[in-house]
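This report concerns only the one structure given below.
Because the structure is predicted, anything quoted here is derived from the model rather than measured. A note on names: the letters A, B, ... follow the listed sequences, proteins ahead of strands, and every chain is numbered from 1. Computed over heavy atoms, backbone and side chain alike; hydrogens, waters and symmetry mates excluded.
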Protein chains: 2
Amino acid sequence: MNPDESEHRLSRATASRLSLYLRCLSMWQRDGIARVSSGVIAETLGLNDTQVRRDLASIGSLGRPGIGYPLSELIEAIREVLGVNRSWKTILVGVGNLARALLRYRGFQEQGFDIVALFDSDPAKVGTAVGSLAIRAMTELPKTARTCHAEIGILTVPADFAQSAADAMAEVGIRGILNFAPVILRLPETIRCVNVDLTIQLEQLAFQIVRD
Amino acid sequence: MNPDESEHRLSRATASRLSLYLRCLSMWQRDGIARVSSGVIAETLGLNDTQVRRDLASIGSLGRPGIGYPLSELIEAIREVLGVNRSWKTILVGVGNLARALLRYRGFQEQGFDIVALFDSDPAKVGTAVGSLAIRAMTELPKTARTCHAEIGILTVPADFAQSAADAMAEVGIRGILNFAPVILRLPETIRCVNVDLTIQLEQLAFQIVRD
DNA sequence: GGATGTGAACGACTTCACAGCG
DNA sequence: CGCTGTGAAGTCGTTCACATCC
């Protein structure tokens, strides 16, 4: 909005909380609520209210003293800084149970992640479909991914196939990978990667229980 | 090992990295490697080597100058502080595609997370089985969970059913919940919760791409 | 009174620099 | 020389306290 470039490059800690805010703000928007205060957000998520204000202030002065934040403007502003106020063409490699669970979940589509193609190396799966999406052979990945300008790749393959699938993605201009395989991928510096390792999450849960 | 209580209560940041170390250490163990240095671990994971040494020093002086760390002792020590050098009786509620993906993945079992019972509210599923585990009705949860002393609950139900399923878990002595539903659960202070919200992970990926 | 935004204090985490062992 | 462990310095993130505005 401002003419001056005031993108204060927000910290990763702030960015991950903005996603959380977005979750409860969207919920309240469905409930027809129009305004919200930092105190309510903090209470809901178990955070400090000053922290919420700092995070929200870092994306622009949307709040008004005594009033709070307007819900829809706030949601739009957060979606903008997170980069989800647009559509991301997404491909998925490895159509097992996990992939089917992801495809059934409508939250991705709502947040702009548009899954445009599925790939699998299992010949028995190639040619079948999940919903309205056909499963293609890995050999078709380069051409298909390039023609639909896919930028994000979801990796739901077994561990021993993950690196080669990631390499294939890297070669066709994918800019970010959401990796569910429990391996550490070697990727070019230009490609971002977020790992979802469920064993790690369970270990952290165990740690939190035993440390009490 | 020491007679004095030297549990220096490690930070959450350190704990989450210990899980990462465990991943690559286990990998190297399978490859038959016996020793490892902080530099190699740091390089593999894209971290600073001093940080790796600090983390490892915080769980005991296992390293030897000029030599490195003995792999198997290190793995055992990390598993101990994370609380995964034991078995955790685990129940799962909501047997959809995501649950089937988790059940097929053998990594949980290997790290000591022993899934002992499945529950679902869909009468069509109750009575059927996944692998060797029967799917039970939600009404059986209290008795079953108590008799097998379940301590961890995995929640893979649709969003609108998550809170009530979490309440049911809380009532039977579950100490920690791994929640895959995209909702913020209200839980007693005594119950730990780790949320795996896949939309949040995708948003963080988008953010990392656009911020470059 | 009710709520935001922010300098300043505080605390947590990371990295540097280096002593010391193998 | 290679590598660990750690005081000290530096960086980053959180919380307090309060001026300000509705």
*Find the bend of the helix from C:dG1-D:dC22 to C:dG22-D:dC1 as the angle between its two terminal axes (five pairs each), to the nearest 10°.*
0°

_Interface residues of residues 70-78 of chain B with DNA chain C (non-hydrogen, below 4.0 angstrom)_ = none

*Using atom types as modelled and distance alone, determine if a side-chain donor or acceptor of B:Arg35 lies under 3.5 Å from a backbone N or O of B:Pro70.*
no

*asked:* For nucleotides 14-22 of chain C, give me one character per nucleotide, 5' to 3': B if any protein heavy atom sits under 4.0 Å from the base, S if the only such contacts are to the sugar-phosphate, - if neither.
replied: SBB---BBS

*Give me the residues of residues 200-212 of chain B where at least one heavy atom lies under 4.0 Å from an atom of DNA chain D, by number, or none.*
none

_Heavy-atom donor-acceptor pair, A:Asp120 side chain to A:Asp122 backbone, under 3.5 Å_ = yes

_Heavy-atom donor-acceptor pair, B:Thr156 side chain to B:Gly94 backbone, under 3.5 Å_ = yes

*Hey, does the side chain of B:Trp88 reach the backbone of B:Gly83 with a donor-acceptor pair shorter than 3.5 angstrom?*
yes

*Please name all residues satisfying ring-ring contact (aromatic ring centres under 6.0 Å, His included) with A:Phe108, sequence neighbours left out, ordered by chain then number.*
A:Tyr105

*Are the side chain of A:Ser58 and the backbone N or O of A:Thr14 linked by a donor-acceptor pair below 3.5 Å?*
no

*asked:* Could you check whether B:Glu151 pairs with B:Arg192 (Lys NZ or Arg NE/NH1/NH2 to Asp/Glu carboxylate O, under 4.0 Å)?
replied: no

_Looking at A:Ile33, is its backbone amide N or carbonyl O close enough to the side chain of A:Asp31 to form a donor-acceptor pair, meaning the two atoms are under 3.5 Å apart?_
no

*Return yes if some donor-acceptor pair links the side-chain N/O of B:Ser19 with the main-chain N/O of B:Arg17 below 3.5 Å, else return no.*
no

*Can we say A:Asp212 and B:Arg175 salt-bridge, meaning some charged N sits less than 4.0 Å from an Asp/Glu carboxylate O?*
yes

*asked:* Please check: side-chain N/O of A:Glu203 versus main-chain N/O of B:Val84, any donor-acceptor pairing under 3.5 Å?
replied: no

*Okay, side chain of A:Thr147, backbone of A:Thr144: is any donor-acceptor separation there less than 3.5 Å?*
yes

*Any side-chain heavy-atom pair of A:Leu202 and B:Gln111 under 4.5 Å*: no

_Evaluate A:Leu103 against A:Leu118 for side chain to side chain contact (heavy atoms under 4.5 Å, CB included), listing each step before the verdict._
CA-CA 10 Å; A:Leu103 289 166; A:Leu118 311 179; 3.9 Å; yes

*What are the bounds, 5' to 3', of the part of DNA chain D that sits under 4.0 Å from heavy atoms of chain A?*
D:dG13 to D:dC22

*Taking atom CZ of A:Arg106 as the centre, does the number of heavy atoms from other residues, nucleotides or ligands within less than 6.0 Å exceed 12?*
no

